[in-house]
Number of protein chains: 4
Amino acid sequence: MNKTRLEAFSDGVLAIIITIMVLELKIPHGAYLEDLRPLLPIFLSYVLSFIYIGIYWNNHHHLLQATRQINGKILWANLHLLFWLSLVPFATGWMGENHFASLPTALYGVVLLCAAIAYTLLQHLIIKHHGSDYILAAAVGRDWKGKISLVFYVAAIPLAFVNQWISDAFYITVAAIWLIPDRRIESRISE
Amino acid sequence: MNKTRLEAFSDGVLAIIITIMVLELKIPHGAYLEDLRPLLPIFLSYVLSFIYIGIYWNNHHHLLQATRQINGKILWANLHLLFWLSLVPFATGWMGENHFASLPTALYGVVLLCAAIAYTLLQHLIIKHHGSDYILAAAVGRDWKGKISLVFYVAAIPLAFVNQWISDAFYITVAAIWLIPDRRIESRISE
Amino acid sequence: MNKTRLEAFSDGVLAIIITIMVLELKIPHGAYLEDLRPLLPIFLSYVLSFIYIGIYWNNHHHLLQATRQINGKILWANLHLLFWLSLVPFATGWMGENHFASLPTALYGVVLLCAAIAYTLLQHLIIKHHGSDYILAAAVGRDWKGKISLVFYVAAIPLAFVNQWISDAFYITVAAIWLIPDRRIESRISE
Amino acid sequence: MNKTRLEAFSDGVLAIIITIMVLELKIPHGAYLEDLRPLLPIFLSYVLSFIYIGIYWNNHHHLLQATRQINGKILWANLHLLFWLSLVPFATGWMGENHFASLPTALYGVVLLCAAIAYTLLQHLIIKHHGSDYILAAAVGRDWKGKISLVFYVAAIPLAFVNQWISDAFYITVAAIWLIPDRRIESRISE
């Protein structure tokens, strides 16, 4: 089974997710600076989520690049990942509209956590399908980035009820960790 | 006539369908748990429809994978399938917003039934175009899954007016039957 | 310059156009049959426009299939066609919401006419770029379908102010003429 | 790392951006000419932005056509470009809804300026990755179009507070300059 359509479908869904989030930036009726001000938290949450979806697209690209073949389980693991990512616009909008209040900030973390688990599962199934001597298995290695992200999300969710800015700082930190493209796989391939 | 663009266009439409459904999850104005509660039935209907569109994408992927060439009739049969699937977000939203009331639950079944008939027609035209000795004809075989789905949909529609939870149980059952990827074609190809 | 991205981009835009039209089917708040009734004209206009976009996708597919190379002019002629088609959801929604009133029906015809002219222009530029001995030039021939469509649209626009049902009948007739896939090109290619 | 998915994802995002802008053309409730009149500025701003996104797609197409390989930095530079372009529908809608008032007109220029800078950066990274003897470096040359555009945007932003029609004239002029497809790269490739 070839991977072309899985990539094309994922690209389509991710392109739509990243773009419909901008629809939450409702056009204000006035034409002055104070009409834009209420949009600031929504804009900031949009920037954060744009970067997150960008990271997922980037990593998905690297992961599938190193994939030779897929099977039915991988198709569904991929859809499972897309499901959680499809909830990002909702979580983003809720968090932005409520000025990063505790519960929306925690829910944002839950969605990110579920997406991260789904990604780990997809990665695991692809490696298993190819065998442990596979280039990807070696490249991913101990996957410290993935593990740290999970820890940060798990910590950020309850902390949102203590002080949501701690959680937001955690989300930004995870994004910063991943923003550096996954050189592990890239460098292994070019070796 | 090659199948690349038919796949690309179908991927695009299915990607949009699966993603715009999430727009029905209107962002609530409050930031508390009770603000999320009214969204629960809409969320549940979203999950069900996400799985259904995922199943259609999956099966479409398998079907086209085994297709060597297409013709004008197949193009239109494919558009016909996409038409019914494009109504899924509407049927989903209506069912979710009305807490799985009888008529919306029945209409959801009608849309699923029409999509299933359209899929059967598409499958039939592809097999006919390739000849009965074709791998797909052998793989699809008696297509018990497709037939059972049709029976369940036909039963679920009137039963929604008796008790809509029976219909919903039927829809979930059909989804569960299909969630297992179509190994029939997959295994034949790899033989 | 290769045509792959022109096809991919057009597929994307057409997929979105065909799918966002369904968003005009606003989900009613009630759960009874009379809540659906006001949606009937919107649904009917949706079906008509779905078929039209389907026809354009189909013909675009055939046209590009027979195209070997493109140039900058063809890229812009294609964007010009997509521009008019992008107005179809608006024209459809306005016509549906106003129960096929005269002016919206006439505007629907204007958008269809402009799209048809844009398609003719695109076809002309592709044929010119390939030379007159080209397979497509022979296949398209005198293009009676294209010419009849233009005549019907031109007639339908003023007639909408006499009796809009005449115009609607014209739109349906044109759709019926095109629904039969363009065998001219198909049969020439397979010769 | 191959460029196919970068092209596919960009095509998807650009296709969605160009199409969701039309959703700002809210369907009026009346069926008469005066119901359409308030939409005129929104329509005009839609036409301008459609052309701008078309120009970006066109130039992106040319740029990637001449690209042999990509790396992680290029992926992110491309996402950075898509981010600014994703704000075009918002800027367009705000400018159209407020009849080209000063601040929205200036913001439109800011978004165009940021997109232009992001494009220049992407182009620079691609040329750097390929080496200065690369066909693209020679083709782009001194890039007078890109430089003039930046100057015009920088001038248009403050001028919007003097007289916004000057700014709009600048935006239209830049669009006109780019509407002519980038023959520099095209002609070099075909040499």
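Letters go in sequence order (proteins before strands), and every chain restarts at 1. Computed from a predicted structure; not experimentally measured.
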message: With a 4.5 angstrom heavy-atom cut-off, is it the side chain or the backbone of Ile53(B) that approaches chain A, or both, or neither?
response: neither

Toward chain A, the part of Ile18(B) with a non-hydrogen atom under 4.5 Å: side chain

task: Indicate yes or no: at least one non-hydrogen side-chain atom of Leu75(A) is less than 4.5 angstrom from one of His62(B).
output: yes

Option that, when pairs with chain A are counted at under 4.5 Å, heavy atom only, ranks first among Thr19(B), Ile51(B), Leu14(B), Leu64(B): Thr19(B)

task: Considering non-hydrogen atoms only, spot the tightest contact between Ser86(A) and Val22(B) and give its length.
output: O-CG2, 3.4 Å

- line: Rounding to 0.5 Å, atoms CD1 (Ile27(B)) and CH2 (Trp94(A)) come to a distance of 10.5 Å

Heavy atoms from other residues, nucleotides or ligands near OH of Tyr32(A) exceed 12 (cutoff 6.0 Å): no

message: Side chains of Pro28(B) and Phe90(A), heavy atoms from C-beta outward: is any pair under 4.5 Å?
response: yes

- prompt: Atom CG of Leu82(A) and atom CH2 of Trp57(B): how far apart are they, to the nearest 0.5 Å?
  reply: 8.5 Å

message: Testing the basics here: between Leu33(B) and Leu103(A), what is the closest heavy-atom pair and its distance to 0.1 Å?
response: N-CD2, 3.3 Å

statement: In terms of heavy-atom pairs under 4.5 Å with chain A, the winner among Val47(B), Asp35(B), Leu36(B) is Leu36(B)

Contact summary for Gly12(A) and Ala15(B), nearest pair of heavy atoms: C-CB, 3.9 Å

- line: Cut-off 4.5 Å, heavy atoms of chain B, and the answer for Ile20(A) is side chain

task: Heavy atoms only: give me the nearest Asp11(B)-Arg5(A) pair and the separation to one decimal.
output: OD1-NH2, 2.8 Å

query: Going from NE2 on His61(B) to CG on Leu6(A), what distance comes out if it is rounded to the nearest 0.5 angstrom?
result: 7.5 Å

- prompt: Does the side chain of Leu25(B) come within less than 4.5 Å of Leu87(A)'s, by heavy atoms?
  reply: yes

- prompt: With under 30° as parallel and over 60° as perpendicular, where do the rings of Phe43(B) and Phe83(A) fit, or are they tilted in between?
  reply: tilted

- request: Can you tell which part of Ile55(B) gets under 4.5 Å to a heavy atom of chain A, answering side chain, backbone, both or neither?
  value: both

- prompt: Considering only heavy atoms from C-beta outward, does the side chain of Asn58(B) approach that of Leu79(A) to under 4.5 Å?
  reply: yes

